[in-house]
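Not measured: the values here are computed from a predicted model. We count residues from 1, following the sequence as given.
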Amino acid sequence: MEVPLHQGFVLAVTITREAIDEFRRFQRDKEVNSQLYSKLTIRGKVQVKSSDIQVGDLIIVEKNQRVPSDMVFLRTSEKAGSCFIRTDQLDGETDWKLKVAVSCTQRLPALGDLFSINAYVYAQKPQLDIHSFEGTFTREDSDPPIHESLSIENTLWAGTVVASGTVIGVVIYTGKETRSVMNTSNPKSKAGLLDLELNQLTKALFLALVALSVVMVTLQGFVGPWYRNLLRFLLLFSYIIPISLRVNLDMGKAAYGWMIMRDESIPGTVVRTSTIPEELGRLVYLLTDKTGTLTQNEMVFKRLHLGTVSYGPDTMDEIQNHVVDSYSQTHSQAGGNTTSSTPPRKAQSSAPKVRKSVSSRVHEAVKAVALCHNVTPVYESRAGAATDAEFAEVDQDFSDENRTYQASSPDEVALVQWTESVGLTLVNRDLTSMQLRTPSGQVLTYCLLQTFPFTSESKRMGVIVRDESTAEITFYMKGADTAMSTIVQYNDWLEEECGNMAREGLRTLVVAKKALTEEQYQDFESRYNQARLSLHDRALKVAAVVESLEREMELLCLTGVEDQLQAGVRPTLEMLRNAGIKIWMLTGDKLETATCIAKSSHLVSRTQDTHIFRPVTSRGEAHLELNAFRRKHDCALVISGDSLEVCLKYYEHEFMELACQCPAVVCCRCSPTQKARIVSLLRQHTGRRTCAIGDGGNDVSMIQAADCGIGIEGKEGRQASLAADFSITQFRHVGRLLVVHGRSSYKRSAALGQFVMHRGLIISTMQAVFSSVFYFASVPLYQGFLMVGYATVYTMFPVFSLVLDEDVRPDTAMLYPELYKDLTKGRSLSFKTFLVWVLISVYQGGILMYGALVLFESEFVHVVAISFTALILTELLMVALTVRTWHWLMVVAQFLSLGCYVASLAFLNEYFDVAFITTVTFVWKVSAITVVSCLPLYTLKFLRRKLSPPSYSKLTS
């Protein structure tokens, strides 16, 4: 039987492809598992494979080496007792994080002493959250026992890279319990809409196959062992089921992927999921992140507001003058001595506040911005300099050329770079101190007593510093206006100015300070340390202690930082909107900034109104707001994450219905899980295809939830682009990816799929006609190699060359994005087009077979020869009929197949009578049958193009 042969080939191709992928994964895993690390034992260092590392081992990790498993950081070669690690593979952030060694073990004189102490580590059970950890370190053999609280800053998670020094840690979690493994969700395999539609058609074909076989057996009259005949018919007609469809489509998809990656206009694009390029041509909703996707995530300091005065980019030099003035005054008072006016200042602080001069207020504000952050200046050591240790001693001049700043967010770096530009430079920072250089070159040292890092809940960060020269203790704090407005003293301008800045598209931060006395600070410190050691509700207790300080703070200034739009964002969004794609922006940012970016990027067009959904908390409020929104027409919706939650809880269906009618939707203050939820809701409610675009670790869940995920390799690292189906380097490439590649992939696959079905149907029709003429005999029409050859060598190249077909030139498609709208209706492949192809196949199969039977002379061999040759020619002509734009490779494929067939006629003498094939009668009979089978279709196609041409042909003519 020749069917298994053919199916075997098909399965072999698919299996081989999967096997290669699987083998590559296996090699990658093996490579990771067999990396060698140094393990510290009582007898010294031993090399171990990373797969053999166990909990409790002491592992040494060198600079630029990846951490093999989750560890508690015991000691480092750096003097400061801390090290930097790069976490881009873990949370998608490109900045370095500072980690601190457990002080008890860092203080030990030598490495070997780790074995002479008796200590243990308590760690909580494995958790998902990579940003939190609770544990304690206890040393029992000292008197009294030392207890140290361990938090996130004492841990080194697997997958991070050590960026400075050599570190030693004790392993606490391995394998499936490590944070990085617990956070990888198993991504579901995505199936494209086209594949699902083809599956439906294949099911229909299967039913047709069964029906046809039953009809044949019925016409036989259920004679003899009829069920055996039924099975024989099932096998004979099994060509109806297009098994090679999968292989052809898979190869087609690989070809599209290759074309996308080779496209000069969108360099750097990578196709990571090769199964869904056609999805790009069917998208209706595009959900995009804001920071780093629409904007560059490159911050520029634009505005400093002090309540009564505001400084913009053109008046920064005034600030510089104020800073220079205030530092030169302190100098002259003290006669060059830095411990200036200490006694008078002390007296003044208890007296009622005198209105300060503008100059001193500017100076205070700049100083606060320069101190309140967690930025670290990093110096690239110059070539030829001495080793690190000596180098640090020698080079105290902190030269400007080779200084770069490392911080956890680009906003922070922008602020510190700005203070440098106005004369107050951050030159050094370690765990306990910070050094600023004044315009006159004098270095001020501040002792860092506490840092309270920024969290998404608190939306603020603070530091407590002691000025070494005056011994004054100050608590500085900066944060979002929503969080800070309740903390600072009463004022009448903050809210209004924040609103104004947000309308200009600036990200605002409020900066405040509070002077503390030594007693106040000591009291705070003891309560704070106590809270940090508690095992239950540690986070809550710590927050409560910090909040006790956050009262009646003095408002210093408001800073505005601009996030610049990416290149080509406006025209791209404009184009996508014309293509009928609805764009939703999901961002974690503030409502005002989000609205502003939406307007400046033309996500919401100039003429449109925006409806800002008021914050709602209960069912009744949500009902009223939805009714208010329902009355507006053609207006963009702006809604915050928590209001969205309320609406979805009570009025999911109504809300989605209204939102889907909007031309644009902006959701701000969204958490990563909310983003993913919105995507899945859109898919359920509309049944349309969605696409998500993002660039950071926080967009991964949204990208995986969408039908088609696109990642941008941005500032925030590569996590999103690795999790996505397609990764691009710039947002503006999306336009071409969808309008050109999405369109052609979908059109080509639709043509290819239907053609492969036609190829199977036509031969099954011939078999059916043949069997019915010969008294319903279940005898195959074509034997052995003819069938295999028909599906492979003779017709494969031309049919597959449909992959190169294009109905519209790329530049036309880019110029008229409206053409994309037609694709979303899915008219290129539907039951209607499928039935047309079925009719064509039945007509052609019937003509070919009846023609051969009518024209054959005496021998049955002649029927086979005539009909098979005509069949091959018909297939080749049909490919030519389907093609819309010729490509030289298509012509090559046509002639190659014809050549193969003619050449193989010489060897197929067991099937054909070679003497007969060379006669004139054979040639005219074949030609006549082929003309009858193809000419009517050519005429029909010609008439159709004249009478109802497709929309794109009007543009190209």
Side-chain angles (χ1 to χ4, degrees), residues 87-95 130 183-185 187-188 190 266 268-273 276 279-280 283 285-298 409-410 456 563 565-569 572-573 576 581-590 593-594 597-598 601 603 641 644 664-683 689-735 737-738:
T87 60
D88 52 339
Q89 295 293 318
L90 188 66
D91 56 9
E93 295 177 7
T94 49
D95 50 275
I130 50 175
N183 271 285
T184 45
S185 53
K188 54 179 193 319
K190 297 183 180 181
I266 46 174
T269 305
V270 184
V271 180
R272 296 190 196 283
T273 308
I276 55 169
E279 287 292 85
L280 293 170
L283 302 173
Y285 290 99
L286 182 77
L287 300 107
T288 159
D289 174 43
K290 179 180 76 71
T291 316
T293 306
L294 297 178
T295 59
Q296 293 179 11
N297 213 4
E298 259 181 33
S409 84
S456 47
D563 195 351
L565 285 180
Q566 288 225 7
V569 162
T572 305
L573 288 177
L576 293 174
I581 295 174
K582 294 187 173 161
I583 304 166
W584 289 34
M585 181 165 95
L586 312 179
T587 169
D589 216 337
K590 288 203 289 295
T593 324
I597 295 284
S601 65
L603 175 78
L644 183 73
V665 178
V666 177
C667 303
C668 45
R669 291 266 176 246
C670 277
S671 66
T673 41
Q674 261 179 336
K675 289 184 181 183
R677 187 164 167 223
I678 293 170
V679 174
S680 40
L681 277 172
L682 258 180
R683 288 177 61 188
R689 304 321 257 175
T690 55
C691 168
I693 303 189
D695 72 320
N698 57 345
D699 305 317
V700 171
S701 45
M702 160 171 92
I703 285 173
Q704 285 180 339
D707 294 299
C708 164
I710 301 180
I712 295 181
E713 293 195 11
K715 283 273 180 323
E716 297 180 24
R718 299 200 39 219
Q719 201 172 359
S721 76
L722 290 172
D725 306 311
F726 302 91
S727 110
I728 55 181
T729 50
Q730 284 177 324
F731 183 79
R732 62 196 170 102
H733 294 166
V734 172
L737 192 64
L738 302 190

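Counting heavy atoms from C-beta on, the side chains of D695 and F731 never come closer than 4.5 Å. Residues L644 and I678 are in side-chain contact: their nearest non-hydrogen atoms beyond the backbone lie under 4.5 Å apart. Within the 4.5 Å cutoff, the side chain of I266 has no heavy atoms near those of the I728 side chain. Using a 4.5 Å heavy-atom cutoff, the side chains of L294 and T587 are not in contact. Put simply, the side chain of D699 reaches to within 4.5 Å of the side chain of K675, judged on heavy atoms.
Note that OG1 of T269 and CD of Q730 are 9.5 Å apart. Values are rounded to the nearest 0.5 Å. Distance SG/C708 to CG/L737: 7.5 Å, rounded to 0.5 Å. The CG atom of L576 lies 5.0 Å from the CD1 atom of I581; values are rounded to the nearest 0.5 Å. Atom CG of L565 sits about 8.0 Å away from atom CG of D563, to the nearest 0.5 Å. Here T690 contributes atom OG1 and E279 contributes atom CD; the two are 8.5 Å apart, rounded to the nearest 0.5 Å. Atom NZ in K190 sits 6.5 Å away from atom OG1 in T273 (nearest 0.5 Å).
Put simply, the side chain of S680 gets close to the backbone of R677: a donor and an acceptor are under 3.5 Å apart.
Between A676 and S701, the shortest heavy-atom contact is CB-O, 3.7 Å. Of all heavy-atom pairs between L283 and C691, the closest is CD1-CB, 3.4 Å. Nearest heavy-atom pair, S727 versus E713, reported as atom, atom and distance to 0.1 Å: OG-OE2, 3.8 Å. Residues A724 and I703 share a closest heavy-atom pair of CA-CG2, 3.6 Å. The minimum heavy-atom distance linking L286 with I693 is given by the pair CD1-CD1, 3.8 Å. Closest approach of A706 and R683 over heavy atoms only: C-NH1, 4.2 Å.
Applying side-chain contact (heavy atoms from CB on, under 4.5 Å) to L603 and the options I597, V569, I583 leaves one that passes, I583.
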